[in-house]
Q: 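Let me begin by handing over the structure; questions about it come next.
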Amino acid sequence: MRILITGGTGFIGSHTTVELQNAGFDVVIADNLSNSNAEVVDRIEKITGKRPDFIKADLSNARECRLVFDTFTDIDGIINFAASKAVGESMEKPVMYYKNNLGIFLNLVEEMKKRNIKYFVQSSSCTVYGEPDTLPIKETSPVKTATSPYGHTKRIVEEMLDFITATSDIKAIALRYFNPIGAHASALIGELPNGVPNNLLPFITQTAAGIRKELKVFGNDYPTPDGTCIRDYIHVVDLAKAHVVAIRRLIDKKNKKDLEFFNIGTGNGFSVLEIIKSFEKSTGVKLNWSFAPRRAGDIIQIWADTSFAEKELGWKAKEDLDSMTSSAWRWQQTL
Ligand code: UFG
């Protein structure tokens, strides 16, 4: 089976390509390299012993998108990671975010319909839940008004998929990720943030490496046990494996609905201070940090109820927090 991975040289896309190839799938990567590097393809080959096909393409451009499918005519399914993903940037450039993230999605769906490609896995986010009313959060929990154009594009794509799958042969799964961190055990692939990182783990590893002076912990007066925000951090390799299971479920026609949603987290919430502790313990590196005011728009706490994914997908995250923080550090040291 041949799977098109859009955004396949990015953080989650590259790890998913590795796991798909390890599971026996053939992969074509399409990426515009706006936030990644073509050398990732060499590294995937080093890890798996198999070189995925690669095509540089801006999928938000209908002509370039068509060319991908004209070049690779044997695609059976798509896993869509291609998107702009910075929450803050999306507040400054909402139109760019809508054009890019929704344009990519619609161009892909048009090609799928034309070419009778039926299986689609969408990279979605726990951001669709907003600030949860009850925890852990289930897939049936209400979806809330988006707080950023980025989050809005995730929600819109889920809603569009609902109508598209209802009115065509396309079957889809949207995976709602919690907070992916860590890196492949080989330290050959990992997260490569552009400029100053927004996310916690890259900021931690860059501070430990001396690239940043100090980590600011945003807020110490939240209504949580230690006053800092809580997230469900998941190892990117566990997350990648969830995609293999999801695309296989569609191919094997095991899906129970035309569109299914799954929470992809560990089911455990950790505070920012617990992440710092894990990092220091697992790496032996002391981190320079201090408290700073709350960051606007931060959710207080969220973690997943993973029982539906466990039951339906037979998938469960395996890696613990120390393995996430130490693998992120091993990767950082190679940069
Ligand atoms: N944090 C700090 N200091 C930093 C960076 C982050 O204290 O320098 C804290 C944040 O305040 C938050 C936690 O670390 O409490 C995690 O922050 P991240 O930015 O790593 O992750 P978020 O949960 O804010 O964002 C993630 C994804 C987004 C997605 C969002 C949905 O990165 O793509 O979840 O809630 F939109």
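Each ligand, and each atom within it, is numbered from 1 in the order the structure gives. Positions are given from 1, in the same order as the sequence printed here.
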Q: Tell me which part of Val87 gets within contact of ligand 1: side chain, backbone, both or neither, using heavy atoms under 4.0 Å.
A: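 Within the 4.0 Å criterion, Val87 contacts ligand 1 through side-chain atoms alone.
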Q: Quick check: does Phe203 get an N/O under 3.5 Å from an N/O on ligand 1?
A: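 So ligand 1 has no N or O lying under 3.5 Å from an N or O of Phe203.
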Q: Just to be sure I'm reading this right: ignoring hydrogens, which of Arg176, Arg294, Arg295 gets closest to atom 17 (O) of ligand 1? Compare them by their nearest heavy atoms.
A: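 Result: the heavy atom closest to atom 17 (O) of ligand 1 is in Arg295.
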Q: Who's the nearest protein heavy-atom neighbour of atom 12 (C) of ligand 1, and how far?
A: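 For atom 12 (C) of ligand 1, the nearest protein heavy atom comes out as Arg231 NH2, 3.8 Å.
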Q: Nearest to atom 11 (O) of ligand 1, what protein heavy atom do you find, and at what distance?
A: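 Here the nearest protein heavy atom works out to Asp298 OD2, 2.5 Å.
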Q: Could you check atom 18 (P) of ligand 1 against the protein and tell me its nearest heavy-atom contact, residue, atom and distance included?
A: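 Among all protein heavy atoms, the one nearest atom 18 (P) of ligand 1 is Asn199 ND2, 3.4 Å.
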Q: Could you tell me whether the side chains of Thr224 and Ser271 share a donor-acceptor contact shorter than 3.5 Å?
A: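 No.
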Q: Please identify which atoms of ligand 1 are closer than 4.0 Å to at least one heavy atom of Val217.
A: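 Here the atoms of ligand 1 in question are 7 (O).
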Q: To which protein heavy atom is atom 15 (O) of ligand 1 closest, and what is the distance rounded to 0.1 Å?
A: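 Protein heavy atom with the smallest distance to atom 15 (O) of ligand 1: Cys229 CB, 3.0 Å.
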Q: For Tyr233 and ligand 1, answer yes if some heavy atom of the residue is under 4.0 Å from a ligand atom, otherwise no.
A: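 The answer is yes, since Tyr233 has a heavy atom less than 4.0 Å from ligand 1.
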Q: Where does the angle between the aromatic ring planes of Tyr98 and His152 fall among parallel (under 30°), tilted (30 to 60°) and perpendicular (over 60°)?
A: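 Rings of Tyr98 and His152: perpendicular, over 60°.
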Q: Suppose we measure from atom 4 (C) of ligand 1 to each protein heavy atom; which comes out shortest, and what is that distance?
A: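 Closest protein heavy atom to atom 4 (C) of ligand 1: Phe218 CE1, 3.3 Å.
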Q: At under 4.0 Å between heavy atoms, which part of Thr127 makes contact with ligand 1: side chain, backbone, both or neither?
A: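 It is both parts that get close, each with some atom under 4.0 Å.
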Q: Name the closest protein heavy atom to atom 20 (O) of ligand 1, giving the residue it belongs to and the distance to 0.1 Å.
A: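 Scanning the protein heavy atoms, the shortest distance from atom 20 (O) of ligand 1 goes to Leu200 N, 2.8 Å.
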Q: If you link I, L, V, M, F, W and Y whenever their side-chain heavy atoms are under 4.5 Å apart, who else ends up in the same group as Trp289?
A: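 Members besides Trp289, by chain and number: Ile181, Val196, Leu200, Leu201, Phe203, Ile204, Leu215, Val217, Tyr233, Phe270, Val272, Leu273, Ile275, Ile276, Phe279, Val285, Leu287, Phe291, Leu321, Met324, Trp329.
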Q: Mark up the atoms of ligand 1 that fall under 4.0 Å of a heavy atom belonging to Lys216, in ascending order.
A: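 Here the atoms of ligand 1 in question are 2 (C), 3 (N), 4 (C), 7 (O), 8 (O).
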Q: Side chains of Ser123 and Tyr177 only: does a donor on one sit below 3.5 Å from an acceptor on the other?
A: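 There is such a pair between these side chains.
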Q: Quick one: nearest non-hydrogen protein atom to atom 5 (C) of ligand 1, plus distance?
A: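 Ranked first by proximity to atom 5 (C) of ligand 1 is Asn198 O, 3.3 Å.
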Q: Look only at the side chain of Tyr97 and the backbone of Ala86, and say whether a donor-acceptor pair between them is shorter than 3.5 Å.
A: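 Checking the backbone N and O of Ala86 against the side chain of Tyr97, a donor-acceptor pair under 3.5 Å is found.
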Q: Checking contacts here: is it the side chain or the backbone of Leu201 that comes within 4.0 Å of ligand 1, counting heavy atoms only? Could be both or neither.
A: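 Looking at Leu201 and ligand 1, no heavy atom falls under 4.0 Å.
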Q: How far apart are the closest heavy atoms of Asp58 and Glu64, and which atoms are they?
A: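 The answer is N-OE1, 2.6 Å.
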Q: Do NZ/NE/NH1/NH2 and the carboxylate oxygens of Lys118 and Asp76 come within less than 4.0 Å?
A: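 So Lys118 does not pair with Asp76 through a salt bridge.
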Q: If hydrophobic residues (ILVMFWY) are linked whenever their side-chain heavy atoms come closer than 4.5 Å, directly or via other members, who joins Tyr222 in its cluster?
A: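 Besides Tyr222, the cluster holds Ile300.
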Q: Run Asp70 and Arg115 through side-chain contact (heavy atoms from CB on, under 4.5 Å) and show every step you take.
A: CA-CA 10 Å; Asp70 285 343; Arg115 296 160 201 266; 2.9 Å; yes
Q: Determine whether the side chain, the backbone, both or neither of Thr228 has a heavy atom under 4.0 Å from any heavy atom of ligand 1.
A: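 Neither; no heavy atom under 4.0 Å.
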Q: May I ask you to check whether Glu158 and Ser124 show a side-chain donor-acceptor distance below 3.5 Å?
A: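 Present: a donor and an acceptor within the cut-off.
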Q: Which ligand 1 atoms are under 4.0 Å away from a heavy-atom of Tyr150?
A: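 The atoms of ligand 1 under 4.0 Å from a heavy atom of Tyr150 are 29 (C), 33 (O), 36 (F).
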Q: Looking only at protein heavy atoms, identify the closest one to atom 22 (P) of ligand 1 and say how far it is in Å.
A: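 Closest protein heavy atom to atom 22 (P) of ligand 1: Asn179 ND2, 3.7 Å.
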Q: Using a heavy-atom cut-off of under 4.0 Å, does the side chain or the backbone of Tyr222 touch ligand 1, or both, or neither?
A: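 Neither part.
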Q: Are Tyr119 and Lys253 close enough that some pair of their side-chain heavy atoms sits under 4.5 Å apart?
A: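 Side-chain contact under 4.5 Å: yes.
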Q: Nearest non-hydrogen contact with atom 9 (C) of ligand 1 belongs to which option: Leu273, Ile276, Val272?
A: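 Nearest option to atom 9 (C) of ligand 1, by heavy atoms: Val272.
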Q: Is there a donor in the side chain of Asp232 and an acceptor in the side chain of Thr266, or the other way round, less than 3.5 Å apart?
A: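 Indeed, the side chains of Asp232 and Thr266 share at least one donor-acceptor pair under 3.5 Å.
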